[in-house]
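First the structure, in the form of structure tokens, and then the observations on it.
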Amino acid sequence: MSDLVLVSSADEQDLRSGVRDMLAAECTGQSVLAFVSSGADAYDAKLWRTVATGMGLAALLVPEAQGGAGAQYRAAAVVAEELGRAVAPVPFLSSAVVATTALGSSASHELLGRLASGELTASLAVPYGLWSAPPLLSAQYGAVTGSVRGVADALGADVLLVPADDGLYAVESAAARRTRIPSLDETRPLCDLELSEAPARLVAPLAAVPRALRVAAVMVAAEQVGVASWCLDTTVAYLKERYQFGRPVGSFQALKHRLADLWVELTQARAVVAYAVADLAAGGDDASVAASLAKIVGSEVAVRAAEECVQMHGGIGFTWEHPAHLYLKRAKATSVAYGSPDRHRARLATLVDLPLEAS
Amino acid sequence: MASVMTEADLRARISAFLAEHDPAAAAGGGDADRLAFLRARFDAGLAWVHFPAGLGGLGAGRSLQPVADDAFAEAGAPDNRPGRIGIGLGMAAPTILVHGTDAQRSRFLRPLWTGEEVWCQLFSEPGAGSDLAGLGTRARRDGDDWVLDGQKVWTSMAHVARWAILLARTDPDVPKHAGLSYFVLDMTAPGVEVRPLRQLTGEAEFNEVYLTGARIPDAHRLGDVGDGWKVAQTTLMNERVSIGGGAMPREGGMIGVLAAAWRDNPGVRTPGMHDTVMRLWVRAEAARLTGLRVRQQLAAGAPGPDGSAVKLSFATLSQQISAAELDLLGDEGLRRDSWAMGRPEEVDFTGRDAGYRYLRAKGNSIEGGTSEVLRNIIAERVLGLPAEPRVDTRVAWKDLPR
Ligand SMILES: Cc1cc2nc3c(=O)[nH]c(=O)nc-3n(C[C@H](O)[C@H](O)[C@H](O)COP(=O)(O)OP(=O)(O)OC[C@H]3O[C@@H](n4cnc5c(N)ncnc54)[C@H](O)[C@@H]3O)c2cc1C
């Protein structure tokens with residue numbers, strides 16, 4: 001595992017700058033703020049068309065046989081990070097990563113082709129914070145019944161992938177009652193689902209769910225690295241230009257040292273995420289440990305960076321009009337998503353044989 | 001006189017007062033009944049007992065105040081809704097008491113205490129927050145008036161305030177601390193414009209306040225011309241004890257919310273979160289007892305830098321505790337009640353939902369002096385460590401780099 005490549009290739013760097021340039025033009029702090037303030041849409045449909053259809057990024061994890069690029073985890077992580085850096089309100093993580101992975105381990109399916117092209121989006125119908133076995137709905141005679149609370153991005157999804165008694169079922173989202181929840185992170189709104197004998201077809205075994213959650217943990221960690229890096233860069237820039245006491249506030253060591261520590265933590269988070277992504281790309285020998293590690297370290301750095309960003313901006317950082325809060329909310333919500341650091345530490349303890357109980 | 005009033009004396013006075021003014025009838029009656037009761041309480045010297053006689057007090061020890069507050073609360077008397085008038089009670093009143101003229105004290109203190117008049121604080125500006133003494137709002141003398149021009153920002157409750165305490169620059173040609181004066185501004189005066197400023201919680205508790213030619217009579221100046229910084233110190237020291245320094249029972253405040261979340265949700269308990277909750281519980285109790293001790297010390301004198309320590313640990317703890325609550329609740333914590341832009345009349349740090357508490361707590365380390373500034377105060381004024389070399393204290397304000 002020490003031969004895994006943890007640095008970006010030239011192609012990955014090109015992809016990164018391509019996505020970053022596109023986002024700089026189409027997804028600014030002000031546009032995300034306007035999106036969140038209106039609270040009308042489930043995601044930014046125009047931006048999603050550019051990401052999915054225009055740049056073909058929804059296909060990265062779809063097998064080649066279904067018209068995808070075939071398990072491009074390294075590329076997907078680059079995209080997740082850049083989208084996190086822009087707090088982009090698009091269903092890349094939920095549809096192109098989580099739902100696609102859940103389907104992708106199953107046999108061929110026309111659904112995958114339509115997800116790859118960006119024509120459809122799908123959402124795995126589990127609570128956003130799920131880290132272990134999903135709650136199961138009941139399946140009978142090709143229909144599912146039950147409810148799920150707090151599902152990410154299900155509001156705008158065309159298809160719901162619902163874990164039920166004997167497998168994962170695809171349900172047209174129109175067949176479910178969806179109630180939008182005012183969510184801490186409105187760039188990735190949650191909704192409650194209620195299904196009452198909704199017509200459904202079996203698309204994958206239930207074993208697809210834990211695998212999808214593992215990939216989710218890694219990719220959300222990549223996103224968190226993006227969140228943290230925006231916060232660090234933005235704060236550094238602000239502290240150079242903000243004057244108090246006749247000098248830039250960035251000249252005060254109390255702030256400088258904290259940002260230096262944050263930078264160190266961020267370099268570690270990058271390494272941990274790069275390792276988890278490289279391991280996935282290589283087939284996942286150490287997948288469980290790597291995913292938990294990434295989710296813990298990513299969550300911690302994102303939350304800390306966002307909290308420091310707000311604090312070091314002073315009053316302006318506490319306002320709605322400054323985008324810092326979008327990052328704070330994304331950071332805190334993603335730290336809960338797919339298992340909090342606390343949950344992953346407990347899991348890690350078992351994986352690396354550091355039990356809690358006295359023997 | 002302060003040494004004369006005992007707890008027994010005070011209790012006797014309160015009993016006599018309550019025998020004459022039916023607390024339950026006042027609480028159950030209309031606004032006029034409540035107000036009449038509060039005015040009578042003020043006039044009897046039972047409002048803030050450590051204030052002088054005639055100004056709502058009895059010249060008693062500060063430590064007797066909880067005796068009065070508890071006795072009135074137990075009797076079911078209406079209170080002055082302190083959450084609505086925190087800036088008046090915590091900052092304006094002590095400043096007016098120390099620096100005001102007799103006329104100012106008798107005009108302002110009574111309606112301030114009864115809640116008839118809400119106060120706000122026009123200190124911070126876009127260019128002057130931590131470096132408050134660098135502010136640029138100008139006050140120019142014109143006959144018996146001062147004419148104000150400038151912009152204030154982050155002004156909590158300006159949308160409901162009748163009066164403001166305000167710091168302005170009266171002389172730009174001297175070093176910044178020497179050119180400030182302190183005023184009371186009528187928020188209904190022409191030339192005062194209040195615009196809501198939305199916060200990351202979705203609400204607009206604070207505002208931008210634009211001053212264009214607003215006039216203040218010289219009779220509403222607090223302290224001498226050029227002494228504004230000295231007067232402001234009284235306000236700031238009191239602000240720091242008023243944010244997070246209030247008396248509360250064990251598990252009062254944010255830690256009580258976390259403790260309840262733990263008790264009510266057995267399904268989300270983990271060993272890791274248990275450790276976190278217990279550590280925070282201990283810190284919160286230590287902070288609570290420190291507040292109690294500081295208030296007893298304060299009973300003997302005016303608030304000093306100790307208040308900075310209380311406010312600093314309050315801010316840190318409320319952030320850590322509210323974050324832990326979200327961590328504990330997991331999915332359920334990500335659900336908010338609403339993002340609608342409200343214009344609250346009271347600030348409640350522990351209200352609404354876990355998301356609100358987490359977000360609102362972020363302001364605690366910024367409002368009333370940032371945690372960084374408070375650490376500097378402790379390091380320099382308590383510990384006596386040398387200050388950073390200053391480049392900004394000897395130059396005329398108008399020549400400072402910005
Ligand atoms: C919720 C809320 C309510 C408020 N209500 C009021 C109100 O009613 N009235 C009012 O007048 N003001 C109010 N304020 C304003 C508040 O007092 C200021 O925001 C605060 O003093 C910080 O000033 P600033 O925003 O300009 O930040 P800056 O001073 O620009 O600070 C930016 C960052 O630099 C740090 N920094 C600055 N100087 C130093 C230093 N010497 N050493 C180390 N670090 C430093 C700060 O701590 C901060 O992290 C409120 C603020 C908030 C958030």
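Heavy atoms only: backbone and side chains are in, while hydrogens, waters and symmetry mates are out. Just so we're on the same page: letters track the sequence lines, and every chain starts at 1. All values reported here derive from a predicted model rather than from experimental measurement.
- Using a 4.5 Å cut-off between heavy atoms, A:Val303 contacts chain B through its side chain alone, with no backbone atom that close.
- Relative ring orientation between B:Trp262 and B:His274 is described as tilted, the plane-to-plane angle lying within the 30° to 60° band.
- Residues of residues 293-301 of chain A placed with any heavy atom under 4.5 Å of a heavy atom in chain B are absent; none qualify.
- For the pair B:Arg283 and B:Trp281, the NZ or CZ position fails the cation-pi test of under 6.0 Å to the six-membered ring centre and within 45 degrees of the ring normal.
- In terms of heavy-atom pairs under 4.5 angstrom with chain B, the leader among A:Arg343, A:Glu321, A:Met312, A:His322 is A:Arg343.
- In summary, A:Arg330 and A:Glu223 engage in a salt bridge, as defined by a charged side-chain N under 4.0 Å from a carboxylate O.
- B:Thr316 places no side-chain N or O within 3.5 Å of a backbone atom of B:Ser313 that could act as its donor or acceptor partner.
- In this structure, the portions of B:Arg360 lying under 4.5 Å from any heavy atom of chain A include both its backbone and its side chain.
- In this structure, A:Arg180 places its CZ atom where more than 12 heavy-atom neighbours from other residues, nucleotides or ligands lie under 6.0 Å away.
- Between the side chains of A:Glu308 and A:Thr235, not a single donor N or O lies within less than 3.5 Å of an accepting N or O.
- Residues of residues 395-402 of chain B lying under 4.5 angstrom from chain A, judged on non-hydrogen atoms, are B:Pro401, B:Arg402 in numerical order.
- Neither the backbone nor the side chain of B:Leu329 comes within less than 4.5 Å of any heavy atom in chain A.
- Not one N or O on the side chain of A:Glu186 forms a donor-acceptor pair closer than 3.5 Å with the backbone of A:Val36.
- At a heavy-atom cut-off of under 4.5 Å, chain A is reached by B:Ala323, B:Leu326, B:Asp327 from residues 320-328 of chain B, listed in order of number.
- Between the side chain of B:Asp171 and the backbone N or O of B:Gly179 there is no donor-acceptor pair closer than 3.5 Å.
- Heavy atoms closer than 4.5 Å to chain A are found in the backbone of B:Ser338, but not in its side chain.
- Highest contact tally toward chain A, considering only B:Leu200, B:Asp392, B:Leu197, B:Thr370, is held by B:Leu200 [criterion: heavy-atom pairs under 4.5 Å].
- Looking at B:Tyr358, the atoms closer than 4.5 Å to chain A (heavy atoms on both sides) all sit in the side chain, from C-beta outward.
- Note: A:Arg149 leads A:Gln253, A:Arg242, A:Arg149 in heavy-atom pairs under 4.5 Å with chain B.
- Note: A:His313 and A:Tyr238 have parallel aromatic rings, judged against thresholds of 30 and 60 degrees for the angle between ring planes.
- Side chain of A:Trp263 to backbone of A:Arg258: no donor-acceptor contact under 3.5 angstrom is found.
- The CG atom of A:Leu213 sits 8.5 Å away from the OG atom of A:Ser132 when rounded to the nearest 0.5 Å.
- Note: B:Ser365 leads B:Ser371, B:Ser365, B:Gly134 in heavy-atom pairs under 4.5 Å with chain A.
- One finds no salt bridge joining B:Arg357 and B:Asp353 here, because no Lys/Arg side-chain nitrogen approaches an Asp/Glu carboxylate oxygen to under 4.0 Å.
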Legend entry - side chain to side chain contact (heavy atoms under 4.5 Å, CB included) assessment of B:Glu367 paired with B:Glu239: CA-CA 10 Å; B:Glu367 59 198 317; B:Glu239 174 168 26; 5.7 Å; no
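- For A:Leu255, the part lying under 4.5 angstrom from a heavy atom of chain B is the side chain only.
- For B:Gln199, the parts lying near chain A are the backbone and the side chain together; criterion is any non-hydrogen pair under 4.5 Å.
- Using a 4.5 Å cut-off between heavy atoms, A:Ala346 makes no contact with chain B at all.
- Salt bridge present: A:Glu307 and B:Lys362 bring a charged side-chain N and a carboxylate O closer than 4.0 Å.
- With a 4.5 angstrom heavy-atom cutoff, B:Asp337 touches chain A only via backbone atoms.
- Applying the ring pair (Phe, Tyr, Trp, His ring centres under 6.0 Å) criterion to A:His325, with sequence neighbours excluded, gives A:Trp320.
- Looking only at heavy-atom pairs under 4.5 Å with chain A, the residue among B:Glu388, B:Met273, B:Arg335, B:Arg336 that has the most is B:Arg335.
- When only modelled atom types and interatomic distance are considered, A:Ser251 and A:Arg247 share a side-chain donor-acceptor pair under 3.5 Å.
- At least one side-chain heavy atom of B:Ile366 sits under 4.5 Å from a side-chain heavy atom of A:Gln311.
- Per-residue counts of heavy-atom pairs under 4.5 Å with chain A were compared for B:Ala354, B:Gly333, B:Gly355, B:Gly129; the largest is that of B:Gly129.
- Among A:Ser183, A:Ala333, A:Ser37, the residue with the largest count of heavy-atom pairs under 4.5 Å with chain B is A:Ser183.
- A:Asp185 and A:Thr187 share a side-chain donor-acceptor pair at under 3.5 Å.
- Ring pair B:Phe206/B:Trp154: centre-to-centre distance below 6.0 Å.
- Contacts of B:Glu332 with chain A are made by side-chain atoms alone, with heavy-atom separations under 4.5 Å and no backbone atom involved.
- The choice from A:Tyr128, A:Phe245, A:Tyr243 that makes the most heavy-atom pairs within less than 4.5 Å of chain B is A:Phe245.
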Inset, instruction - Apply side-chain hydrogen bond (donor to acceptor under 3.5 Å, both in side chains) to the pair A:Asp192 and A:Thr179, showing each step before the final yes or no. - result: CA-CA 5 Å; A:Asp192 290 345; A:Thr179 312; 5.8 Å; no
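- When atom types are taken as modelled, the side chain of A:Thr334 and the backbone of A:Ala337 share no donor-acceptor pair closer than 3.5 angstrom.
- Residues A:Tyr43 and A:Phe35 keep their aromatic ring centres 6.0 Å or farther apart.
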